[in-house]
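Shown next, in structure tokens, is the structure this report addresses.
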Amino acid sequence: MVTVFTKFPIKEEFKEEYAKHLKEAVVKHEMDKQPGYVEMKLLAPQSNPHIGENNMFIIETLWEDMKSFIVYTQSEAFKKSHENMPPRDWFAGRPEVEVYESID
């Protein structure tokens, strides 16, 4: 299994708007129709006194294998999902993608 974390640092004043945008945008991803797709989770940042402020929204996707994820990134669904991005001023930094493979 391959897990992909797509991380978006969002400015404090736009967190609520971004959460709404993310829920609406996920429908356009059509990941659930992609071969090898397993599941997706949308994670909203939480802060606490022990770790401080957190502004990182994460889209976590699980794929059967790396090939399935790569095929998705080359699909029309992937292109479509990136057409209506939020304004740049919502971001506190550059989005990042991290990919991990399960250790069996």
Side-chain angles (χ1 to χ4, degrees):
M1 290 286 184
V2 170
T3 303
V4 179
F5 296 101
T6 307
K7 300 178 173 187
F8 301 92
I10 302 299
K11 293 177 183 173
E12 182 67 35
E13 63 267 29
F14 298 110
K15 281 183 177 180
E16 236 178 86
E17 288 175 275
Y18 188 74
K20 182 181 176 190
H21 167 82
L22 206 51
K23 283 190 240 178
E24 293 170 358
V26 149
V27 175
K28 296 176 185 172
H29 281 242
E30 297 181 356
M31 279 189 200
D32 58 335
K33 298 175 185 168
Q34 303 302 312
Y37 167 83
V38 178
E39 76 174 328
M40 176 192 317
K41 292 180 186 174
L42 303 177
L43 306 174
Q46 300 296 304
S47 299
N48 74 53
H50 302 289
I51 61 170
E53 290 300 311
N54 180 6
N55 70 338
M56 195 68 69
F57 282 80
I58 300 173
I59 300 173
E60 176 186 356
T61 55
L62 189 62
W63 299 87
E64 289 177 5
D65 51 40
M66 182 63 78
K67 182 180 177 188
S68 298
F69 172 64
I70 291 171
V71 167
Y72 168 67
T73 64
Q74 298 168 345
S75 71
E76 284 302 312
F78 181 83
K79 290 176 191 168
K80 183 178 177 183
S81 72
H82 291 81
E83 287 177 349
N84 190 22
M85 296 298 286
R88 285 184 183 261
D89 63 337
W90 287 16
F91 294 88
R94 297 184 58 84
E96 297 177 14
V97 177
E98 296 178 357
V99 181
Y100 298 89
E101 186 171 26
S102 298
I103 300 172
D104 296 325

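Hydrogens, waters and symmetry mates play no part in the numbers below; they use all other heavy atoms, side chains included.
Contact detail for S68 and P35: the closest heavy-atom pair is CB-O, 3.4 Å. Of all the heavy atoms in F78 and Y72, the pair that sits closest is CB-O, 3.1 Å. K11 and F91 make their closest contact through CE-O, 3.3 Å (heavy atoms, listed as atom of the first residue, atom of the second, distance). Contact detail for D65 and V2: the closest heavy-atom pair is C-CG2, 3.7 Å. K15 approaches N55 most closely through the heavy-atom pair CE-CA, 3.8 Å.
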Practice problem: Test E17 against I10 for side-chain contact (heavy atoms from CB on, under 4.5 Å), laying out the working first. | Solution: CA-CA 10 Å; E17 288 175 275; I10 302 299; over 6 Å; no
Exercise. Walk me through it: do E76 and K79 pass the test salt bridge (charged side-chain N to carboxylate O under 4.0 Å, His left out)?
Key: CA-CA 5 Å; E76 284 302 312; K79 290 176 191 168; 3.4 Å; yes
Self-check item: From CA spacing to verdict: side-chain contact (heavy atoms from CB on, under 4.5 Å), W63, Q34
Solution: CA-CA 10 Å; W63 299 87; Q34 303 302 312; 4.0 Å; yes
Practice problem: Check step by step if ring-ring contact (aromatic ring centres under 6.0 Å, His included) holds for F8 and F57. | Solution: CA-CA 5 Å; F8 301 92; F57 282 80; 8.4 Å; no
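With hydrophobic clusters built from ILVMFWY side chains whose heavy atoms lie under 4.5 angstrom apart, M31 shares a cluster with V97. When the side chains of ILVMFWY residues are joined at heavy-atom separations under 4.5 Å, either directly or via intervening members, V4 and L42 end up in a single hydrophobic cluster. In the hydrophobic clustering of ILVMFWY residues, with side-chain heavy atoms under 4.5 Å counting as a link, L22 and Y37 come out together.
Considering only residues two or more places apart in sequence or on other chains, Q74 meets the side-chain contact (heavy atoms from CB on, under 4.5 Å) condition with I70. Remark: M56 engages K7, P9, N54, I58 in a side-chain contact (heavy atoms from CB on, under 4.5 Å) (not counting sequence neighbours).
Residue E13 places its CD atom among more than 12 non-hydrogen atoms of other residues, nucleotides or ligands, all under 6.0 Å distant.
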